[in-house]
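What follows is one structure encoded as structure tokens, with my remarks underneath.
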6 protein chains.
Amino acid sequence: MLNPTHPNPDDRYARGQRALAEIDGAAGQAVIDSLADIAPDFARYLFEFPFGDIYSRPGLDLRSREIATIAALAALGHAVPQLKVHIRAGLNVGLTQTEIVEILMQMAVYAGFPAALNGLFAAREVFADKPS
Amino acid sequence: MLNPTHPNPDDRYARGQRALAEIDGAAGQAVIDSLADIAPDFARYLFEFPFGDIYSRPGLDLRSREIATIAALAALGHAVPQLKVHIRAGLNVGLTQTEIVEILMQMAVYAGFPAALNGLFAAREVFADKPS
Amino acid sequence: MLNPTHPNPDDRYARGQRALAEIDGAAGQAVIDSLADIAPDFARYLFEFPFGDIYSRPGLDLRSREIATIAALAALGHAVPQLKVHIRAGLNVGLTQTEIVEILMQMAVYAGFPAALNGLFAAREVFADKPS
Amino acid sequence: MLNPTHPNPDDRYARGQRALAEIDGAAGQAVIDSLADIAPDFARYLFEFPFGDIYSRPGLDLRSREIATIAALAALGHAVPQLKVHIRAGLNVGLTQTEIVEILMQMAVYAGFPAALNGLFAAREVFADKPS
Amino acid sequence: MLNPTHPNPDDRYARGQRALAEIDGAAGQAVIDSLADIAPDFARYLFEFPFGDIYSRPGLDLRSREIATIAALAALGHAVPQLKVHIRAGLNVGLTQTEIVEILMQMAVYAGFPAALNGLFAAREVFADKPS
Amino acid sequence: MLNPTHPNPDDRYARGQRALAEIDGAAGQAVIDSLADIAPDFARYLFEFPFGDIYSRPGLDLRSREIATIAALAALGHAVPQLKVHIRAGLNVGLTQTEIVEILMQMAVYAGFPAALNGLFAAREVFADKPS
């Protein structure tokens with residue numbers, strides 16, 4: 001349970017920056033840059049809610065959080081850029097390439113073989129950029 | 001990596017039965033019973049492929065597999081009965097109620113607040129049946 | 001290819017009524033009744049476009065059309081009432097229970113086992129109401 | 001554009017409460033109550049991000065925000081409870097029953113007739129509870 | 001409510017052409033051209049049902065219709081080309097760039113941050129082609 | 001119903017190879033090649049379950065199976081590469097270009113016009129490569 005006194009908002013932003021830096025700093029900066037001219041507030045929300053609020057919570061470790069995110073994005077199927085970011089993030093927080101491949105293969109059971117295949121092809125691209 | 005010699009098919013079925021029994025024996029039997037009169041072969045496939053092939057692979061522990069499954073089913077949103085089975089399975093393989101709640105809340109980021117809310121309501125029903 | 005001269009609109013409505021009556025007359029009337037007080041024009045569109053325009057086209061037989069519809073609705077997963085209507089319609093236009101079960105099992109490959117399972121449970125309900 | 005100085009966090013919560021109260025106070029309280037025993041922090045997030053951050057932004061009026069939400073929830077198809085909340089919210093912020101019906105019928109074009117039909121049936125239930 | 005006497009079918013086609021021309025004439029012609037060699041009848045249906053029947057109805061203004069469409073397409077996530085057409089259409093019928101950005105950011109709440117991000121990136125491309 | 005004695009596993013693999021060769025041999029080899037360096041076991045599962053188990057079942061002919069698959073993949077919308085493979089497969093097992101176009105147009109009714117349009121554009125690419 002979070003501290004019942006609400007966190008200082010600057011803390012949320014800074015905490016989100018730290019969490020995203022720990023997961024994948026380059027991707028975080030890329031998203032900020034890409035939103036700067038169209039929706040700068042959305043970059044702030046992205047730091048604050050997903051990373052400052054959710055990923056920073058103590059109840060689940062970052063490795064487990066990335067398992068959940070990789071699985072969800074592969075299952076949804078329409079978010080390949082974000083899936084690649086989180087495959088890289090998974091490697092950064094300690095998942096092995098083998099574990100990521102297992103997660104993606106398992107999605108064949110819940111979201112079908114095409115979702116699993118497209119997830120595996122995304123992983124192949126990420127792994128080629130960043131060998132384990 | 002699985003043994004390159006293909007497993008004996010009776011092994012796949014038996015191995016799937018063992019895996020599903022370890023995860024949630026009662027749910028496994030309920031699915032078999034529910035399919036008996038309409039698609040008995042599908043009950044066999046369900047043992048063989050998801051549980052005999054995938055969940056039995058050595059590359060990812062069952063706790064991590066259930067994190068992935070709970071996340072995917074909550075994100076997809078149309079599979080509430082299966083989500084409940086895997087929330088119970090998650091508890092059986094060592095996830096705490098707190099960890100499951102964290103996974104489901106995190107789905108607000110990737111699949112929206114309604115998917116997270118409906119996942120949390122499913123968890124509340126499962127937790128009420130089976131207190132940790 | 002349809003006649004390049006546009007059909008008379010009353011023809012579209014009447015043709016849609018005939019097509020839906022051929023597929024499942026009771027379901028058609030039930031939908032009209034259910035829309036009468038909230039969106040009566042939508043009942044008209046439902047006759048005109050899906051059934052008057054699409055199902056009445058000569059390029060694909062009704063049995064094949066119902067295979068496509070059952071597959072799509074089971075894969076999408078959020079349209080169980082409509083899936084039941086079209087499982088019944090499939091029986092009406094010549095699909096056997098076995099064929100419908102095969103279509104639904106096959107959806108495990110493309111949309112995951114939960115979508116297939118929920119489709120099979122819908123079929124079991126329809127088959128119980130209307131034995132082949 | 002929001003004030004570049006970050007808002008006080010208690011302001012976010014209070015602002016979210018006010019926004020949700022303006023849209024649908026009873027639904028807001030029902031969600032808080034339903035989350036109290038399983039994920040109380042999620043109730044807080046729900047006030048803070050969707051309502052305190054997003055709905056409170058000046059760039060789009062509440063009527064337009066509810067059009068967007070009703071359309072999205074009907075198109076997604078797996079969030080009927082939330083769709084009902086926002087159909088009621090739409091009435092509260094000035095949409096007429098006719099306008100809501102038009103939005104839902106239009107979803108037939110983008111998400112298919114079943115999504116539109118299920119949205120219309122949800123609207124019929126809400127309208128029956130709360131005549132305009 | 002439409003005139004209870006069914007409209008003349010040539011009227012539907014012409015009315016759809018006028019509605020699409022008002023919304024985005026270039027996009028309409030591009031779709032016709034792209035369908036000419038594979039499914040010319042589908043181009044006709046596209047004029048007749050979405051634009052001749054739905055968008056031409058008097059119960060909801062075009063600005064509101066485009067809000068609903070932009071929200072739905074961003075939430076569904078698999079229809080980026082059509083989302084771009086309707087972001088441009090939204091500008092044509094009076095939505096500001098700011099309002100469109102607000103609609104897309106709001107989709108983070110209902111369909112997740114990836115759907116919102118991909119919608120914002122689509123908007124950035126459209127806005128770059130057509131400055132407001 | 002399959003033989004109640006479980007098939008020899010090497011039979012499943014070989015039978016899947018034969019089924020996929022009958023449907024689209026080049027696509028099968030391309031998928032194997034693309035998975036060789038990242039998830040070779042997944043190539044094996046792909047032969048064994050979808051093609052060795054499901055497509056090889058006697059209860060539904062291959063033409064009908066491809067109708068179901070084309071419809072499901074077009075409706076899901078996030079699996080364009082796999083949709084193209086199965087449009088080609090549909091031609092290989094006896095569907096005409098006209099029939100495939102009819103299936104895809106029909107998806108406008110169940111999954112919306114964008115899903116149908118994107119399916120038709122995929123078909124146009126396949127037909128251009130392989131004239132009927």
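To find a chain, count down the sequence lines: A is the first, B the second, and so on, and within it residues start at 1.
- A donor-acceptor pair shorter than 3.5 Å cannot be found between the side chains of F:S64 and C:E99.
- Heavy atoms closer than 4.5 Å to chain F are found in both the backbone and the side chain of C:L60.
- To the nearest 0.5 Å, atom CD1 of residue F:I54 and atom CE of residue C:M105 are 5.0 Å apart.
- Under the 30°/60° scheme for interplanar angles, the aromatic rings of F:Y55 and C:Y110 are found to stand perpendicular.
- Across all non-hydrogen atoms, the minimal contact from F:D61 to C:R63 is OD1-NH2, 3.9 Å.
- Taking all atoms of both residues into account, the shortest heavy-atom contact from F:M107 to C:A72 is SD-CB, 3.5 Å.
- Only the side chain of C:H86 comes within less than 4.5 Å of a heavy atom in chain F; its backbone stays farther off.
- The candidate with the highest count of non-hydrogen atom pairs below 4.5 Å against chain F, out of C:I103, C:L76, C:T98, is C:L76.
- Separation of atoms CZ (F:R65) and CD1 (C:I67) is listed at 10.0 Å; rounding is to 0.5 Å.
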